[in-house]
Engineer: 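Pasting in a structure now, in structure tokens, and then I'll have a few things to ask.
Along the sequence shown, the residues carry numbers beginning at 1.
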Amino acid sequence: MNDTPVNETGSRLLGAVARLNRWATRHAELSIPPAQGRLLSLIDELGPARIGELAVADHCSQPTMTTQVQRVESAGWATRSTDSKDARVALIELTDAGREMLASLRASRARALAPEFDRLSREEQEALRSATEIILRVVGANERPQS
């Protein structure tokens with residue numbers, strides 16, 4: 001077994017995932033600003049959410065999130081609905097067009113990564129598939145389906 005402390009492994013994993021994410025974003029042909037794509041992904045992950053919840057999850061202020069939500073709303077990628085538990089509260093959720101845009105962004109980023117992954121051995125590719133499933137299990141991503 002590896003003697004690397006769990007904290008060091010976690011730190012290296014987070015750094016690697018962040019670098020991979022930035023690399024894929026830089027090399028992908030995106031049709032919208034990355035911040036808007038990140039917001040679509042966040043809405044998809046959280047499901048219908050209040051602007052305050054989105055702001056907390058994205059580590060930004062509520063006014064900043066309000067502006068970002070207005071941008072994706074005006075593009076037709078998100079919509080507001082009334083919270084059935086509190087009519088004063090608006091919930092932000094993806095529209096069908098928003099889900100399509102998110103799928104397109106994810107596909108573009110995956111296409112950017114494909115040549116790099118193709119350079120890996122079969123064993124390395126299988127290790128990445130296994131590691132991806134483990135990471136998804138750790139973060140609970142299997143709780144709701146990905147768009």
Side-chain angles (χ1 to χ4, degrees), residues 1-62 64-73 75-81 83 85 89-147:
M1 188 70 183
N2 191 336
D3 290 335
T4 304
V6 172
N7 289 346
E8 183 180 333
T9 300
S11 179
R12 288 181 51 78
L13 173 62
L14 290 169
V17 169
R19 285 185 70 184
L20 179 66
N21 189 36
R22 288 189 304 271
W23 188 95
T25 298
R26 275 194 318 273
H27 290 86
E29 294 182 21
L30 302 178
S31 57
I32 67 172
Q36 290 179 12
R38 189 176 67 245
L39 177 54
L40 295 178
S41 184
L42 184 59
I43 296 168
D44 182 57
E45 179 184 338
L46 296 179
R50 297 174 177 206
I51 287 181
E53 294 168 335
L54 293 169
V56 167
D58 198 43
H59 302 284
C60 69
S61 69
Q62 194 160 338
T64 297
M65 183 54 68
T66 297
T67 300
Q68 288 292 6
V69 166
Q70 289 169 341
R71 288 181 179 144
V72 297
E73 270 185 304
W77 301 323
T79 188
R80 293 174 195 246
S81 62
D83 186 341
K85 297 174 187 163
V89 173
L91 296 175
I92 311 304
E93 56 190 311
L94 292 181
T95 62
D96 289 342
R99 279 185 281 284
E100 289 173 17
M101 175 55 72
L102 183 56
S104 171
L105 295 170
R106 287 176 173 161
S108 179
R109 290 161 39 95
R111 279 192 303 277
L113 285 170
E116 303 307 317
F117 287 179
D118 286 345
R119 290 184 181 90
L120 301 175
S121 70
R122 282 196 171 91
E123 294 80 17
E124 289 170 321
Q125 290 176 11
E126 185 53 41
L128 275 178
R129 277 190 283 281
S130 295
T132 299
E133 292 308 313
I134 293 167
I135 292 167
L136 289 172
R137 191 173 67 233
V138 166
V139 298
N142 293 327
E143 293 173 9
R144 48 187 287 354
Q146 282 272 315
S147 301

Engineer: Between Leu91 and Arg50, does a side-chain contact (heavy atoms from CB on, under 4.5 Å) hold up when you go through it step by step?
Structural biologist: CA-CA 5 Å; Leu91 296 175; Arg50 297 174 177 206; 3.9 Å; yes
Engineer: Any heavy-atom pair between the side chains of Met101 and Leu94 that's under 4.5 Å?
Structural biologist: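 They are not in side-chain contact.
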Engineer: Verify, without hydrogens or angle tests, whether Thr66 (side chain) and Gln62 (backbone) share a donor-acceptor contact under 3.5 angstrom.
Structural biologist: yes
Engineer: At what distance, to the nearest 0.5 angstrom, does CG of Asp58 lie from CD1 of Ile51?
Structural biologist: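 So the CG of Asp58 and the CD1 of Ile51 are separated by 12.5 Å.
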Engineer: On a heavy-atom basis, which atom in Leu42 and which in Ala57 lie closest, and how many Å separate them?
Structural biologist: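 Heavy atoms only, the tightest pair is CD1-CB, 3.8 Å.
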Engineer: Rounded to the nearest 0.5 Å, what separation is found between the CG atom of Leu39 and the CG atom of Asp44?
Structural biologist: 11.0 Å
Engineer: What is the minimum heavy-atom distance between Gln125 and Phe117, and which atoms define it?
Structural biologist: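 Nearest heavy atoms, Gln125 then Phe117: NE2-O, 2.9 Å.
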Engineer: Kindly state each residue pair satisfying salt bridge (Lys or Arg N to Asp or Glu O under 4.0 Å) with at least one member in residues 22-35, sequence neighbours excluded.
Structural biologist: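 Qualifying pairs, neighbours excluded: none.
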Engineer: Using modelled atom types only, decide if a donor and an acceptor are shared between the side chain of Ser41 and the backbone of Gly37 within a distance under 3.5 Å.
Structural biologist: no
Engineer: Output yes when a side-chain donor or acceptor of Ser130 lies under 3.5 Å from a complementary backbone atom of Glu126, and no otherwise.
Structural biologist: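 Present.
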Engineer: Distance check, rounded to the nearest 0.5 Å: Glu116 atom CD versus Asp118 atom CG?
Structural biologist: 9.0 Å
Engineer: So does Asn7 get a backbone contact from the side chain of Ser11, meaning a donor-acceptor N/O pair under 3.5 Å?
Structural biologist: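 No; zero donor-acceptor contacts below 3.5 Å.
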Engineer: Find out whether Leu113 and Arg109 are in side-chain contact, i.e. whether some heavy atom of one side chain is under 4.5 Å from a heavy atom of the other.
Structural biologist: no
Engineer: Measure the CE-CD distance between Met65 and Glu53 for me, rounded to the nearest 0.5 Å.
Structural biologist: 11.0 Å
Engineer: Between Ala24 and Ala112, which heavy-atom pair has the shortest distance, and what is it?
Structural biologist: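 It is O-CB, 4.2 Å.
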Engineer: So how far is it from Thr95 OG1 to Leu40 CG, rounded to the nearest 0.5 Å?
Structural biologist: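 With rounding to 0.5 Å, OG1 (Thr95) is 8.5 Å from CG (Leu40).
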Engineer: Can you name the closest pair of heavy atoms from Ala78 and Ile92 and give their distance?
Structural biologist: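 Reported closest heavy-atom pair: CB-CG2, 4.1 Å.
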Engineer: Do Ile32 and Trp77 have side chains that approach each other closer than 4.5 Å (heavy atoms only, starting at C-beta)?
Structural biologist: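 When only atoms from C-beta onward are counted, Trp77 and Ile32 do touch, with a gap below 4.5 Å.
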Engineer: Are Arg137 and Glu133 side-chain neighbours, meaning at least one heavy-atom pair lies under 4.5 Å?
Structural biologist: no
Engineer: Rounded at 0.5 Å granularity, tell me how far CD1 in Ile134 sits from CZ in Arg129.
Structural biologist: 13.5 Å
